[in-house]
Amino acid sequence: MTLIAPSKEALALHGGAPVRAEFLPYGRQSIDDGDIAAVVETLRSDWLTTGPKIGEFEEAFAAWVGARYAVSFSSGTAALHGAAFAAGIGPCDEAITSPLTFAATANCVLYQGGKPVFADVCEDTLNIDPERVSACITPRTKALLPVDYAGHPADLDELCIIADRHGLTIIEDACHALGGEHRGRRVGSISHMTVFSFHPVKHLTTGEGGMVATDNPSFADTLRKFRNHGISSEARERQAHGQWHYEMVLLGFNYRLTDIACALGLRQLSKLESNLARRRELAKKYNDGLRGLPEIVLPVVRESVLPAWHLYPVRLNVAALSAGRAEIFQALRAENIGVNVHYIPVHLHPYYRDRFGYKPGDYPAAESAYERLISLPMFHGMTDRDVDDVIRALEKVMDFYRN
Ligand SMILES: Cc1ncc(COP(=O)(O)O)c(C=O)c1O
């Protein structure tokens, strides 16, 4: 008797029926009626910008992360720029960061005329490797810029030791990690300055927006001036004191977050705990549902941390598959699963290659991870059904391409 192998299910990429009818994005905001009411209330108030909501949001945010101060910015990128300025990064200075991040992390050093220096990542967490950081330190190093990739806090203990030893400032890019914890301490309460983003795919949104958390009053003061043209007082203070006089004391920008955005941020902050709990639940569902697929390498969580799960990035075990990442990505998209890739290593972008001469092979751990990475949909508004659809699509696609 001849055994006939059961035929594989036709992929949507090849004209088969997709796993779900509607496209599931990799991330999206959740806005409820309370959020809308808070924004409308501010729209009816006297202050659309530079008003009372800014201080309220900053205080509530600082208290939540466990920092003395929080200074809001118009985006995470602007907040990174402010932190690079406050850290005193200037021409000829170097700051060490991860190649596996969004370009904004490294760009903020360039805005200040400094040079971003990359240290390769650890193979497990894809966060910057402290040993490789140590090897990059020179007399010009001014700051370390670790990234909490996907929401998994970087190796902050080791990085703090290195920073103390060499007198460096740590600017932690926690744009993925609001609500993450490292040895029981919340991200935002550990580094000299911690930067957050409030883009709609993040844990809390203000449309566009960002924040720097710090315990250092001098950093906080500089950050406040920097986001307001370098001016030493704010319009509301001047109005309250009946004054017209102000002084520009440093070269800053208009990086202010509006009161409209802060009203939304305050409301969103009140839901942060439940958003985080849902993301952790979703990560567990993925872990449980995908553990049996040998073609998928699940994200690693070190014992010392509680991740915030901004992303759920898996790595493909390409040796077990008859197609590469690009085809598998397309196949999942055709199934209406909005997968993404985080990130093209920064040093491989044309700007960085042309300006600094970087080339493939310079940071092998980041590059090898990049070749295999796929971010699965992850946002707190996802339903159990959505997760089941993603798992089902992965099973279908892996089954098709299994060697
Ligand atoms: C790691 C990282 N750093 C910085 C940023 C920049 O934040 P924003 O988009 O708020 O400017 C992002 C944005 O996604 C990010 O993921």
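One-based numbering, in listed order, for ligands and for the atoms of each. All values below come from the heavy atoms of this structure, side chains included, with hydrogens, waters and symmetry mates left out.
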State the atoms of ligand 1, each with its element, that fall below the 4.0 Å cut-off from a heavy-atom position in [X].
{"X": "Thr77", "answer": "6 (C), 7 (O), 8 (P), 11 (O)"}
{"X": "Thr105", "answer": "3 (N)"}
{"X": "Gly76", "answer": "7 (O), 8 (P), 10 (O), 11 (O)"}
{"X": "Gly209", "answer": "10 (O)"}
{"X": "Leu80", "answer": "4 (C)"}
{"X": "Thr101", "answer": "1 (C)"}

Yes or no: does [X] have any heavy atom under 4.0 Å from an atom of ligand 1?
{"X": "Tyr343", "value": "yes"}
{"X": "His310", "value": "no"}
{"X": "Val195", "value": "no"}
{"X": "Ala78", "value": "no"}

What I want to know is whether His199 and ligand 1 share at least one N or O pair that is separated by under 3.5 angstrom.
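Min N/O separation from ligand 1 is not below 3.5 Å for His199.
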
What about Asp173: any of its N or O atoms under 3.5 Å from an N or O on ligand 1?
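N/O-N/O distance under 3.5 Å: yes.
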
Atom 13 (C) of ligand 1 - nearest protein heavy atom and its distance:
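Result: Lys202 NZ, 3.2 Å.
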
Closest non-hydrogen protein atom to atom 12 (C) of ligand 1, residue and atom name please, with distance?
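Closest protein heavy atom to atom 12 (C) of ligand 1: Phe102 CD2, 3.6 Å.
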
Should Val212 and Phe219 count as side-chain neighbours, where that means a heavy-atom distance under 4.5 Å?
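A side-chain contact is absent here, since even the closest heavy-atom pair is not under 4.5 Å.
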
Please lay out, stage by stage, how Asp362 and Lys359 fare under the test salt bridge (charged side-chain N to carboxylate O under 4.0 Å, His left out).
CA-CA 6 Å; Asp362 285 346; Lys359 56 188 184 320; 2.9 Å; yes

For a salt bridge (charged side-chain N to carboxylate O under 4.0 Å, His left out) check, start with the C-alpha distance between Arg186 and Glu273, then their side-chain angles and the critical distance, and finish with the verdict.
CA-CA 12 Å; Arg186 275 200 178 146; Glu273 299 273 8; 3.3 Å; yes

Is there a ring-ring contact (aromatic ring centres under 6.0 Å, His included) between Phe226 and Phe253? Walk through the geometry before answering.
CA-CA 6 Å; Phe226 187 76; Phe253 290 79; 5.5 Å; yes

May I ask you to check if Arg132 and Phe118 form a cation-pi contact, with NZ or CZ under 6.0 angstrom from the six-membered ring centre and within 45° of the axis?
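No cation-pi geometry.
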
Name the orientation class of the two ring planes belonging to His176 and His342 (parallel below 30°, tilted from 30 to 60°, perpendicular beyond 60°).
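Ring orientation of His176 relative to His342: perpendicular.
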
Taking the six-membered ring for Trp, are Tyr343 and Phe102 parallel (under 30°), tilted (30 to 60°) or perpendicular (over 60°)?
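Answer is tilted, since the angle falls between 30° and 60°.
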
Take Lys284 and Glu281, measure what salt bridge (charged side-chain N to carboxylate O under 4.0 Å, His left out) needs, and give me the verdict at the end.
CA-CA 5 Å; Lys284 183 170 181 327; Glu281 219 169 66; over 6 Å; no

Ring centers of Phe400, His14 separated by less than 6.0 Å:
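Yes; His14 has its ring centre under 6.0 Å from that of Phe400.
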
Determine, considering heavy atoms only, which of Ser98, Ser75, Ala104, Ser197 sits nearest to atom 7 (O) of ligand 1.
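Result: the heavy atom closest to atom 7 (O) of ligand 1 is in Ser197.
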
Tell me, with the steps shown, if Glu395 and Arg392 meet salt bridge (charged side-chain N to carboxylate O under 4.0 Å, His left out).
CA-CA 5 Å; Glu395 284 167 349; Arg392 162 96 190 84; 5.0 Å; no

